[in-house]
Amino acid sequence: MFIKLKKKINFMNQKNILINSLKKVFKKELKKNVKVTSKIFDFTNWDSLGNFNILLACENKFKIKFTAKEFSSLNSFKEIAKVVKKKI
Amino acid sequence: MHFLTSNFNLLYSNSKWSELTSIKFEIDKNYNNFFFILNNKELLNKFETFHIILNIDNKNESEIFKKLKEIKKIISRSSNKYFFFYIINKLSKSKNLKIAKILNLKNNKNLTIHCIEKKISQNKRNKMLIKFPFDIEVINVFNQYILSNIKIYKSKPYKLIILDCDNTLWGGVLDEDGIKGIQYSNKKGGLIFKEFQNYLKALKEKGFILSISSKNNQANVWKAMKKKKMILQKKDFLSPKINWNEKNLNIKEILLNLGLRSVDTLFIDDNALELKKVKEKIRDVGTVKFNNTNSFLNDLKSNIRLKKLRVLDEDLKKYKYYKIKSKFEDYKGNQKISPKILKNMRQKIKFININKKNFSRAIQLFEKTNQFNFSLNRYNSTDFLKISKDTNHTVKLISFKDKFGSHGLIGLYVIKREENNQTIVDFLLSCRVLHRCIEDYVIYCIQNQKKSLNTYINYRLTHLNNELVPLFLKKNNFDNKSKNNNNYVYKIKKKNKFYESKKYFN
């Protein structure tokens, strides 16, 4: 029981670290604080080009590659976080 | 403001451009915008420099060339703007030559073309999805190129280069080795010296002034240059000082003769001790130690203050002007300037209206003049254009001539007129013609044109103009009217002695 809880806390921590560093990437690109629920077009500079900028910055930061399909379909914080988590 | 455009999507909102946007860069959203700006005068005046990145491949080649032909006319028309072209071209080098030809690189002096040859990794996915055909890191490469160009654009080039002879212009010591013994040839030992002289000659053609300060026998030096058929000859140097005096004394004399400041001077010598001595005695002089390696020449070539983007006609004539100036110094010798000398000089002054041809010289005068500059306003071309078109303001350039020849455009003034008053907002003179009563005569003329008006003059005290101007003000008993921080306003008395200067001018 105790070990399971510890694992869960560990997992939660990892998730938090990922989300925090993702938020930093978003802040650098959009110059605004984003929430976990934020989506494309929430801010004036999060337009389609802003979205590409975010994805390119994520590729750079986490050393991953998005496919062309992912590039055109990912457009919210949650979705991006999900795919990034899967790839790292 | 600066403007950046390209024929692909620049991802203008990407954070990698933040370095540029922090120094007032506008990044284009659409290539066609650029052509719109070029054709719109108001927008065109908003920007100082334009940076154009072109990615050329088989498909878009002809279209790009067509558009370049369109730009060519506008570039030659707007001589007060500067255009940087960055070309990414993997096809062939002959294409770059073709571009240079289309843009008329030879005659248009306000553009440079850079070929980006660093590794640029193409990215097919980015090209397809966002029309940005490279990896995102390539933006850093662009940044490097653009920032270094902006640095050069903003830097102040040296005016004077003073050289040593032995082991600098040639290898070996002339006095010990004799003319045959010194190294200067196409062969290994002498090649570096030949290349160095070649480079200096190129600098001279860009308007830098060359001079010599060397411990040597003067006659032998000219003889050696002639016999070895060196690239630099006697006529290339202005007021050379070749004798056995201390170098710092010689350099001080050269500066005095040419009327230049130590800040704008570079001294090149092979002896570290000499350099140290000169540096100690003359503040602010730039020094470079010569050594006969290739890396030295490369270092020198990459020195920002030896690069000059814009070579105006005035710069090319400058050599002649300074020659006239040194002739005048020789003529008057050690004596002080006396009324008798001035009367014999047959001095002539002309006031010239501002026009398209002399506009860039006016801007240059604002940028460069420090010592005799009353308000030290550094106008950019947009602001100055506004002033010159304003009906309340009068802008005149001053051209000067004497018996040795024409000195060119040596100064200007800006006057603001209101009802009963006229204020000299800006008044500046190039330091090479100071102390020849020109300043007195100009003020006499200004006052004489509108006798009924009260004349005031603005003076802003800074560390750059705190010597000559106060002296001038004191000499002529100006009335201090008001003071606001470092800004002073002086009233010029209606009864004054400026009319005395009239006799020195025809």
Side-chain angles (χ1 to χ4, degrees), chain A residues 17-36 38-77 79-88, chain B residues 1 3-34 36-37 51 53 55 88 116 118-147:
Chain A
I17 289 168
L18 174 74
I19 283 176
N20 280 338
S21 49
L22 249 183
K23 273 184 180 171
K24 271 183 199 164
V25 173
F26 273 66
K27 193 177 178 186
K28 200 180 167 197
E29 288 302 323
L30 302 176
K31 297 181 183 63
K32 283 206 176 93
N33 286 323
V34 290
K35 291 177 199 158
V36 185
S38 297
K39 270 183 186 170
I40 192 167
F41 303 126
D42 278 0
F43 310 107
T44 43
N45 51 356
W46 192 351
D47 50 7
S48 56
L49 180 61
N51 199 45
F52 284 130
N53 284 333
I54 292 165
L55 291 170
L56 287 168
C58 286
E59 282 191 338
N60 223 341
K61 168 106 187 183
F62 303 108
K63 303 280 172 283
I64 52 173
K65 276 262 140 84
F66 293 114
T67 62
K69 204 177 171 187
E70 281 163 342
F71 234 81
S72 46
S73 65
L74 296 177
N75 47 24
S76 70
F77 187 91
E79 285 172 52
I80 293 169
K82 205 171 149 191
V83 177
V84 169
K85 196 185 140 202
K86 215 169 31 178
K87 296 213 170 189
I88 52 175
Chain B
M1 283 281 272
F3 191 80
L4 172 67
T5 186
S6 77
N7 65 335
F8 48 85
N9 185 357
L10 274 173
L11 310 177
Y12 62 93
S13 58
N14 199 292
S15 61
K16 283 203 187 309
W17 292 119
S18 58
E19 233 176 308
L20 291 187
T21 43
S22 65
I23 54 166
K24 288 189 174 175
F25 250 91
E26 187 160 320
I27 292 160
D28 198 3
K29 296 168 187 171
N30 183 345
Y31 189 41
N32 290 329
N33 249 349
F34 172 56
F36 179 70
I37 287 173
H51 302 254
I53 306 174
N55 178 36
I88 308 153
I116 298 186
K118 273 190 187 173
K119 269 187 191 169
I120 287 202
S121 41
Q122 307 270 342
N123 188 322
K124 274 189 183 168
R125 184 204 62 189
N126 287 356
K127 189 181 178 179
M128 205 177 72
L129 283 169
I130 42 179
K131 291 180 182 152
F132 180 79
F134 316 106
D135 274 344
I136 193 79
E137 278 83 10
V138 172
I139 292 183
N140 294 337
V141 178
F142 296 150
N143 268 335
Q144 270 174 24
Y145 272 89
I146 293 166
L147 285 173

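Throughout, protein chains are lettered first and strands after them, A, B, ... in sequence-line order, and every chain is numbered starting at 1. As the structure is a computational prediction, the values presented were derived from the model and not from experiment.
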What residue in A/Leu56, A/Leu30, A/Ile54 has the most heavy-atom pairs under 4.5 Å with chain B?
A/Leu56
Between chain B and chain A, donor-acceptor distances below 3.5 angstrom:
{"from": "B/Ser13", "atom 1": "OG", "to": "A/Asn53", "atom 2": "ND2", "distance (Å)": "2.8"}
{"from": "B/Asn14", "atom 1": "ND2", "to": "A/Asn53", "atom 2": "OD1", "distance (Å)": "2.7"}
{"from": "B/Ser15", "atom 1": "N", "to": "A/Glu29", "atom 2": "OE1", "distance (Å)": "3.1"}
{"from": "B/Ser15", "atom 1": "OG", "to": "A/Glu29", "atom 2": "OE2", "distance (Å)": "2.5"}
{"from": "B/Arg125", "atom 1": "NH1", "to": "A/Glu59", "atom 2": "OE2", "distance (Å)": "2.6"}
{"from": "B/Arg125", "atom 1": "NH1", "to": "A/Phe66", "atom 2": "O", "distance (Å)": "2.7"}
{"from": "B/Arg125", "atom 1": "NH2", "to": "A/Glu59", "atom 2": "OE1", "distance (Å)": "3.1"}
{"from": "B/Arg125", "atom 1": "NH2", "to": "A/Glu59", "atom 2": "OE2", "distance (Å)": "3.2"}
{"from": "B/Glu137", "atom 1": "OE2", "to": "A/Asn60", "atom 2": "ND2", "distance (Å)": "3.1"}

Applying ring pair (Phe, Tyr, Trp, His ring centres under 6.0 Å), can you list everything that pairs with A/Phe77, at least two apart in sequence or on another chain?
A/Phe26
Could you work out, with ring pair (Phe, Tyr, Trp, His ring centres under 6.0 Å) as the rule, every residue matching B/Phe25, not counting sequence neighbours?
B/His2, B/His51
What are the two closest non-hydrogen atoms of B/Ile130 and A/Phe52, and how far apart are they?
CG2-CD1, 2.7 Å
Can you tell which part of B/Leu129 gets under 4.5 Å to a heavy atom of chain A, answering side chain, backbone, both or neither?
both
